J.: 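This is the structure I have questions about; it appears just below.
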Amino acid sequence: MGLFQKWWSLEQPESNRALGLETPVQYKERWISIRVFYCLGFLIYFTFYAVITGLWPYLKILDPEADKKYLTYILALPSIVQLIFSPLLGWWSNRISSVRIPVLVSLMSFIVGHVIYAIMEDIPVYRKEILLISRGMAGMVTAASAINRAYISSATTVAERTGTVSRVNFCNTLGLLAGSAFQPILSLMGKEGFHFLGFIRLNMFSTIGWIGAIIGSTVFALMMPCVFKENHIAVKEAMMKNEEAMKDGSKLPVEPLRYQPIVLSIVAFTFVVFVQIAVQCLLSPIALDQFGWTNEESLFYLGILMTVGALISCVLFLLLDPLCKRFGESNVLVYGAMFALFLSQLMLIPFGSEPITSVTEVGNLTELHNSTTVASGCPLTQEWCQRIPPISKVQFTISYTLLCVSFSIGTTLSQAVFSKLLGPRPQGTWMALLTCAGSAARILGPGSVTLYVLFGTYWTFGAGSVLAGLVFIWMWVYRNTLQPAKPVVPPEMAEELKVLNSKNIVQ
């Protein structure tokens with residue numbers, strides 16, 4: 001409980017006060033602004049997962065002729081929007097020396113997109129096309145995650161950054177949990193629902209659209225200057241170190257960007273996201289093919305597994321800052337994330353001599369052809385099932401647990417290390433690059449299903465193990481380079497730093 005109080009307290013700690021970088025009032029304003037971005041992260045994940053669980057049945061109600069191929073377009077569009085607009089918003093925030101206006105623009109698009117989603121059943125024509133547009137507009141707010149990361153980097157000291165990034169991801173995971181649970185609760189309203197004030201339709205699908213619009217409007221209000229006050233303490237910290245070096249008569253080191261560790265941190269982030277998305281897409285095929293579960297059993301048991309995995313992530317986010325102080329960020333990243341990722345892929349390689357139970361062995365073949373019920377087991381079209389042993393449930397559970405550990409640690413620390421490697425320079429465009437890499441991973445991740453269907457588990461998880469092993473070795477060899485840039489301001493960088501917010505640089 002004391003940990004939560006420490007995290008959410010707005011009282012300036014003695015260690016911060018001793019730095020002399022800000023007054024207690026400025027400290028409070030700075031952390032209020034950071035918590036607004038906590039709310040933004042929660043909003044993105046809550047609404048995304050609340051919508052996605054009911055998207056397919058909602059699409060079928062809007063257009064009974066819509067197929068799963070069109071659903072794929074709807075699901076992919078937010079990631080494509082993020083990929084396109086992240087660098088634009090990042091460049092814009094650097095250009096105008098403010099994160100407020102780009103975030104407000106993305107929030108406005110998000111709100112309008114959810115209002116359209118809520119009123120879709122009242123639109124007479126082109127429903128599925130308008131639904132696609134609404135999801136694209138709502139997906140604009142995901143592009144603001146680049147600005148979120150950039151602002152967290154500039155609004156925290158080096159000592160505060162890892163813990164702050166952990167809390168951002170903690171809020172994201174809470175949004176995921178709340179969103180996943182919310183649509184089943186709304187299902188109690190039924191498809192018909194009722195009308196509020198005589199003209200606002202509220203049912204199990206439209207309600208989440210209105211809720212998303214309300215939450216988006218709340219965050220929009222929190223971004224107003226009376227609440228959200230931009231503060232770039234990273235610049236102040238760098239200039240303080242600069243002054244100390246000048247007083248000591250030291251020669252200021254001019255440290256250019258170290259591209260090798262920067263690329264390494266981007267690769268770590270991208271690969272962890274890619275594997276996580278790939279495995280998430282493979283959960284249902286594995287459950288149906290390898291274990292012979294029915295669709296109902298698959299939904300039930302995988303729901304439990306994913307919920308437990310999210311809870312594990314929450315616990316890790318709480319413990320990550322103390323772990324890094326004890327063992328060092330680079331060690332926790334290399335062993336806790338990348339080695340765990342390698343083990344998680346290795347655990348999915350099946351062993352044994354018995355082949356997977358195919359659909360022809362579940363029941364009588366004649367009954368199977370005459371039945372409308374889809375039998376469980378590996379389908380006949382996947383010929384590799386007849387020669388490859390199944391993945392055991394124990395393997396599957398251990399692998400997914402290790403993946404949750406790897407994803408939680410890897411995404412948090414790769415972002416924190418990436419930010420510290422960049423130093424106190426403007427990071428909007430750089431964070432947009434990291435966000436684009438994550439978007440590309442989310443777009444490519446579902447391709448693992450095709451590899452699994454065509455070639456089976458040996459190739460799918462064997463390739464994953466080899467790649468994860470190579471990334472782990474690469475990071476292990478260069479782990480000592482994953483250290484923060486020296487917090488000094490070379491003369492040629494002074495003008496670049498001023499664009500962040502000159503009025504906040506001077507105490």
Side-chain angles (χ1 to χ4, degrees), residues 21-22 26-45 81-111 138-158 160-161 164-165 167-169 171-172 175 215-238 415-416 418-420 422-436 438-439 496-505:
L21 295 173
E22 57 188 348
Q26 290 173 324
Y27 177 87
K28 182 177 180 179
E29 291 176 344
R30 178 167 66 90
W31 279 99
I32 288 175
S33 70
I34 290 173
R35 285 174 181 137
V36 171
F37 275 102
Y38 290 171
C39 294
L40 178 61
F42 178 87
L43 164 73
I44 293 172
Y45 278 78
V81 169
Q82 184 183 53
L83 185 66
I84 295 172
F85 285 95
S86 287
L88 295 178
L89 292 183
W91 173 84
W92 189 16
S93 67
N94 281 353
R95 180 69 175 171
I96 64 176
S97 308
S98 173
V99 301
R100 189 194 319 278
I101 296 177
V103 171
L104 289 177
V105 169
S106 66
L107 281 170
M108 182 60 68
S109 176
F110 173 87
I111 294 167
M140 173 71 90
V141 79
T142 63
S145 58
I147 302 176
N148 187 338
R149 295 181 178 122
Y151 183 73
I152 293 298
S153 300
S154 65
T156 54
T157 63
V158 172
E160 295 170 337
R161 198 158 305 155
T164 306
V165 174
R167 290 190 285 276
V168 169
N169 288 334
C171 291
N172 293 348
I215 297 177
S217 300
T218 302
V219 179
F220 190 96
L222 292 176
M223 288 297 300
M224 292 295 104
C226 57
V227 178
F228 182 86
K229 301 181 185 299
E230 295 190 48
N231 189 310
H232 302 280
I233 198 170
V235 178
K236 297 180 184 179
E237 183 182 35
Q415 292 176 57
F418 180 72
S419 169
K420 293 177 183 181
L422 294 176
R425 53 179 45 82
Q427 297 187 9
T429 305
W430 281 101
M431 287 299 172
L433 175 63
L434 188 69
T435 302
C436 287
S439 300
E496 183 182 6
L497 290 176
K498 288 180 182 178
V499 304
L500 279 171
N501 197 335
S502 58
K503 66 181 180 181
N504 285 329
I505 294 178

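None of the values given here were measured: they were computed from a predicted structure. When a residue number appears, it is its place in the shown sequence, counting from 1.
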J.: Just checking Lys28: does its NZ atom have more than 12 heavy atoms from other residues, nucleotides or ligands closer to it than 6.0 angstrom?
T.: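 Not buried by this count: 12 neighbours or fewer within 6.0 Å.
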
J.: Kindly compute the distance separating OG1 (Thr157) from CZ (Arg30), expressed to the nearest 0.5 Å.
T.: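 Spacing of OG1 (Thr157) from CZ (Arg30) equals 6.5 Å.
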
J.: Which atom pair, heavy atoms only, marks the closest approach of Gln82 to Thr142?
T.: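 That would be NE2-O, 2.9 Å.
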
J.: Roughly how far, to the nearest 0.5 Å, is OH of Tyr45 from CG of Asn172?
T.: 4.5 Å

J.: When rounded to the nearest 0.5 angstrom, what distance separates CE in Met140 from CD1 in Ile84?
T.: 9.5 Å

J.: side-chain hydrogen bond (donor to acceptor under 3.5 Å, both in side chains) for Ser33 and Tyr151? Distances and angles first, verdict last.
T.: CA-CA 10 Å; Ser33 70; Tyr151 183 73; 2.8 Å; yes

J.: Of all the heavy-atom pairs spanning Asn148 and Gly41, show the shortest one and how long it is.
T.: ND2-N, 4.4 Å

J.: Do you know the tightest heavy-atom contact between Leu434 and Gln415?
T.: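 Looks like CD2-CG, 3.9 Å.
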
J.: Any side-chain heavy atom of Lys229 sitting closer than 4.5 Å to one from Ile32?
T.: no

J.: Over all heavy atoms of both residues, which pair between Ala155 and Ile34 is shortest? Give the atoms and the distance, please.
T.: O-CD1, 3.6 Å

J.: Can a donor-acceptor pair be found, under 3.5 Å and without considering hydrogens, that links the side chain of Arg100 to the backbone of Glu230?
T.: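 Answer holds: no.
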
J.: Decide yes or no for Trp92 and Val105: does some side-chain heavy atom of the first lie under 4.5 Å from some side-chain heavy atom of the second?
T.: yes

J.: Any side-chain to backbone donor/acceptor pair from Ser106 onto Val103? Under 3.5 Å, distance only.
T.: yes

J.: Are the side chains of Phe220 and Leu104 in touch, meaning some heavy atoms are under 4.5 Å apart?
T.: yes

J.: Given Phe110 and Val219, is the side chain to side chain contact (heavy atoms under 4.5 Å, CB included) satisfied, shown in steps?
T.: CA-CA 11 Å; Phe110 173 87; Val219 179; over 6 Å; no

J.: How far apart are the C-alpha atoms of Ile215 and Phe42, what are their side-chain angles, what is the distance that settles it, and do they pass the side chain to side chain contact (heavy atoms under 4.5 Å, CB included) test?
T.: CA-CA 10 Å; Ile215 297 177; Phe42 178 87; 5.5 Å; no

J.: Please test Val168 against Tyr38 for side chain to side chain contact (heavy atoms under 4.5 Å, CB included), starting from the C-alpha separation and ending with a verdict.
T.: CA-CA 5 Å; Val168 169; Tyr38 290 171; 3.6 Å; yes

J.: Shortest non-hydrogen contact from Ser86 to Cys436?
T.: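 Shortest heavy-atom separation between Ser86 and Cys436 comes out as CB-SG, 4.0 Å.
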
J.: For a 4.5 angstrom cut-off between non-hydrogen side-chain atoms, does Trp31 reach Asn231?
T.: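 Side-chain contact under 4.5 Å: no.
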
J.: Determine yes or no for a side-chain-to-main-chain donor-acceptor pair under 3.5 angstrom, with Ser93 supplying the side chain and Gly90 the backbone.
T.: yes

J.: Show your reasoning for whether side chain to side chain contact (heavy atoms under 4.5 Å, CB included) applies to Leu40 and Val141.
T.: CA-CA 9 Å; Leu40 178 61; Val141 79; 3.9 Å; yes

J.: Please check: side-chain N/O of Arg161 versus main-chain N/O of Ala416, any donor-acceptor pairing under 3.5 Å?
T.: no

J.: As an exercise, state the distance from OG1 of Thr218 to CG of Leu107, rounded to the nearest 0.5 Å.
T.: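 Taking OG1 in Thr218 and CG in Leu107, the distance rounds to 10.5 Å.
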
J.: So, taking the atom named OG1 in Thr164 and the one named CD1 in Ile152, what distance separates them when rounded to the nearest 0.5 Å?
T.: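 Going from OG1 on Thr164 over to CD1 on Ile152, the span is 6.0 Å.
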
J.: Atom CH2 of Trp91 and atom CD1 of Ile96: how far apart are they, to the nearest 0.5 Å?
T.: 9.5 Å

J.: More than 12 foreign heavy atoms under 6.0 Å from CZ of Phe85: is that the case here?
T.: no

